[in-house]
Each structure stands twice: as structure tokens, then as C-alpha cells.
Amino acid sequence: MEYSTLIYEKREHYGLITLNRPDKLNALNFQLFTELNDVITNIELDESIYALIITGSGEKAFAAGADIGELNKSDIRSGKQFSEYGSKVMLKLEQLNIPVIAAINGFALGGGLELALSCHIRFASEKAKMGQPEVNLGIIPGYGATQRLPKIVGKAKAIELIISAKTIDAETAKSIGLVNEVFPHTELLDKTIEFVNLVLSKGPLAVSAAVKTINASENLTLQDGLSYESQIFGEVCGTQDFKEGTGAFLEKRNANFIGK
Ligand code: COA
């Protein structure tokens with residue numbers, strides 16, 4: 001599929017998606033969701049990709065939300081479909097078994113913040129501004145903020161942000177646990193890649209198993225989650241990377257992981 005609303009770069013062992021509608025502050029329209037869905041499917045099938053970064057093109061925005069021009073045409077039935085489609089794509093992103101990192105380079109509002117919430121880690125530029133302004137438009141968030149935001153920042157903060165529609169800066173977002181780190185604007189992507197390279201130096205099967213097991217915790221009781229963790233722990237103990245990692249420690253040398 002040819003992409004017109006995003007750019008996908010497959011770098012050595014990680015992928016970089018750049019949302020690319022800068023004249024519309026990378027607002028998420030139907031075409032962008034279709035392309036995002038396609039690229040996520042390709043990444044799912046690509047065993048040589050061990051991490052994914054998502055950022056926005058242009059100086060101003062990660063993504064300024066769902067495309068309000070498209071949204072404006074919704075009625076009860078199509079509004080539900082509008083929400084379901086975006087949610088489905090974001091859930092698929094969240095359920096990738098590789099670390100997914102949002103590099104929030106500017107406005108992340110509404111659906112833009114929800115896209116970042118469906119990433120596993122959020123790094124922000126010091127210029128980033130975040131919020132859920134949907135109530136300004138007479139709607140509620142439709143791509144998961146009512147469900148994910150309380151888990152990330154707590155129920156009271158999530159309700160405060162959603163019902164006030166207020167926009168917060170990157171440092172405030174960090175102080176409430178909404179973003180992991182804040183970097184100078186010009187260094188955001190480099191710092192994100194630096195983090196990815198750190199992760200890539202670890203055993204890729206172990207990294208992937210960790211993400212998969214943590215993702216599963218969302219839907220499991222503690223008891224079921226612990227037994228799932230034991231099952232996956234056993235599986236990674238059967239890998240060559242496990243023999244290599246533990247062997248390297250005992251031999252006092254660096255491990256050379258091969259992803260098998
Ligand atoms: N949907 C569609 N278009 C959008 C958009 C969105 N969510 N957000 C911004 N745009 C468009 C603007 O309409 C404008 O297009 P135009 O040049 O053709 O008129 C362009 O992007 C630039 O935006 P503009 O508003 O001129 O930039 P700004 O710097 O003055 O303001 C924002 C930036 C983010 C504060 C402002 O664009 C905004 O409030 N956007 C909507 C945020 C929102 O409510 N998101 C939730 C949607 S559910």
C-alpha cells in the first residue's frame with residue numbers, strides 16, 4: 001500500500017512511523033487510520049523489527065486529534081463506527097509484542113493523545129502540549145482515553161483532564177506520569193532512538209516476551225497473570241538467547257544475542 005498520510009521507515013532493527021499531515025497538524029483522518037492499520041499489520045509480520053517509534057511531522061504537532069472535518073459529519077450510527085475503527089487500530093498498536101514508543105514532538109490532543117496512550121512509552125519534547133479537548137466539541141474521547149488515561153494517571157486526574165479539556169505542558173505531563181521523559185525539542189528523536197538502541201542491545205525475545213506479558217496483565221487476574229508469567233518465563237528459558245545471556249554473565253563477557 002502507498003502511504004500518503006504517514007511515512008514508514010524500516011531502519012536496521014526498528015521501525016519509525018511519522019504521521020504526515022503537517023498542514024492539518026497531523027489530524028487523524030480515515031485515510032491515516034487505514035494506513036496506520038496497514039503498517040501495523042506489516043510490522044506484526046516482520047520478525048526483524050524489534051521496536052517501533054511514532055512521531056509527527058512538522059514543528060508543531062504529534063497529532064491534534066481526530067479530523068474534526070470528518071468527525072463533524074457523524075450521527076449516532078456513524079459516530080460509533082468512527083470511534084470503533086480508531087479504537088481497533090490503536091488496540092492493535094498497543095498489542096504489538098515489541099516496545100512502541102511515542103515521541104511527542106508538539107500538540108498531542110484528543111485522538112492524538114489517545115494514540116500516544118496506546119503506545120507503551122511516551123517521550124515528549126519540552127514544547128509538547130497535551131490534553132483531551134473533546135468536551136469543547138460536545139463529545140467525549142472516542143479512542144480509549146476514558147479507559148487508558150485513568151490507568152496511567154489515576155481516575156481523579158483523568159476525570160479532571162477530560163471534563164476540563166485543559167491542555168498541559170510536558171513537565172506537568174511528566175509530573176503526573178503521563179510521559180516518561182521530557183527532552184529538549186531538537187533532541188527528542190535522537191534521545192528516543194538512543195533509548196531504542198539500549199533496548200536493542202538486550203535479548204530481543206526477552207524484550208518481546210516482557211512486553212507481551214505486561215500487555216496481558218491488562219485482562220488477567222493477579223493469579224492468572226502470575227501463571228501466564230511463569231509460562232512465558234519457561235518459554236524464554238528454552239531459547240538460545242537465554243543460554244547465551246546467562247552463559248555470558250558466568251564467563252564475564254558481553255552477551256551476543258541472536259534472537260533465537
Ligand atoms: N482536525 C482537523 N483539522 C485540524 C485539527 C483537527 N483536529 N487540528 C488542527 N487542524 C487544522 C486547522 O483547521 C488548520 O487548517 P487550515 O490551515 O486549513 O485552516 C491547521 O490544522 C492548523 O491549525 P490551526 O488551528 O490554524 O493552528 P493553531 O496553532 O492556531 O492551533 C491547535 C493549534 C492545536 C490549538 C488548534 O488547531 C486546535 O485546537 N485543534 C483542534 C484540537 C482538538 O480539538 N482536537 C480534538 C479533536 S476530537
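Both counts, for ligands and for their atoms, begin at 1 and track the order of listing. For this chain, numbers begin at 1 and follow the sequence in order.
In this structure, the protein non-hydrogen atom closest to atom 20 (C) of ligand 1 is Asp23 O, 3.2 Å. Counting protein heavy atoms only, atom 31 (O) of ligand 1 is closest to Leu25 CD1, 4.5 Å. Of all protein heavy atoms, the one closest to atom 38 (C) of ligand 1 is Leu109 CD1, 4.8 Å. The protein atom (non-hydrogen) at minimum distance from atom 42 (C) of ligand 1 is Ala64 O, 3.3 Å. The nearest protein atom to atom 16 (P) of ligand 1, hydrogens excluded, is given as Lys24 NZ, 3.7 Å; this is a heavy-atom distance. The shortest contact between atom 44 (O) of ligand 1 and any protein heavy atom is with Pro133 CG, 3.5 Å. Atom 48 (S) of ligand 1 has Leu137 CD1, 3.8 Å as its closest protein atom, hydrogens excluded (heavy atom only). In this structure, the protein non-hydrogen atom closest to atom 30 (O) of ligand 1 is Lys60 NZ, 4.5 Å.
Under the 4.0 angstrom criterion, atom 36 (C) of ligand 1 counts as lacking any protein heavy-atom contact. Shown here, atom 13 (O) of ligand 1 is out of close reach of the protein: none of its heavy atoms lies under 4.0 Å off. Put simply, atom 23 (O) of ligand 1 has protein non-hydrogen atoms near it, under 4.0 Å away. Of the protein's heavy atoms, at least one falls inside 4.0 Å of atom 6 (C) of ligand 1. Inside a 4.0 Å radius of atom 18 (O) of ligand 1 there is at least one protein heavy atom.
Judged by distance alone, the side chain of Ser208 and the main-chain N or O of Pro204 form no donor-acceptor pair under 3.5 Å. No donor-acceptor distance shorter than 3.5 angstrom exists from the side chain of Gln95 to the backbone of Asn215, with no hydrogens or angles considered. In this structure, Asn105 contributes its side chain and Ala124 its backbone to no donor-acceptor pair below 3.5 Å. In terms of modelled atom types and a separation under 3.5 Å, the side chain of Lys73 and the main chain of Gly69 share a donor-acceptor contact. A side-chain donor-acceptor contact under 3.5 Å links Asn180 to the backbone of Arg122.
Taking distance alone, with nitrogen or oxygen atoms compared against 3.5 Å, Leu71 stays at or beyond that limit from ligand 1. Looking at Gly69 next to ligand 1, no N or O pair under 3.5 Å apart turns up. Here's the thing with Glu134: none of its N/O atoms is less than 3.5 angstrom from an N/O atom of ligand 1. Considering backbone and side-chain atoms together, Asp67 places no N or O closer than 3.5 Å to any N or O of ligand 1.
Aromatic ring orientation, Tyr85 versus Phe30: tilted (interplanar angle from 30° to 60°). Using a 30° and 60° split on the angle between ring planes, His13 and Tyr50 fall in the parallel class, below 30°.
At least one heavy atom of Ala66 sits less than 4.0 Å from an atom of ligand 1. Heavy atoms of Gln132 stay at 4.0 angstrom or farther from ligand 1.
Under a cut-off of 6.0 angstrom, the local environment of CD in Glu229 is sparse, with at most 12 non-hydrogen atoms contributed by other residues, nucleotides or ligands. Annotation: Glu160, atom CD; neighbour count of heavy atoms from other residues, nucleotides and ligands within 6.0 Å is above 12. Within 6.0 Å of the CG atom in Asn254, the count of heavy atoms belonging to other residues, nucleotides or ligands does not exceed 12.
Proximity of Ile7 to Ser57: side-chain heavy atoms (C-beta onward) are nowhere separated by under 4.5 Å.
When ring centroids are compared, Phe123 and Phe195 come within the 6.0 Å threshold.
The one candidate from Arg253, Lys202, Lys260 that meets the salt bridge (charged side-chain N to carboxylate O under 4.0 Å, His left out) condition with Glu244 is Arg253.
Between atom 41 (C) of ligand 1 and the options Leu113, Ile68, Leu28, Asn26, the minimum heavy-atom separation is to Ile68.
Within the 4.0 Å heavy-atom criterion, neither part of Asn136 lies near ligand 1.
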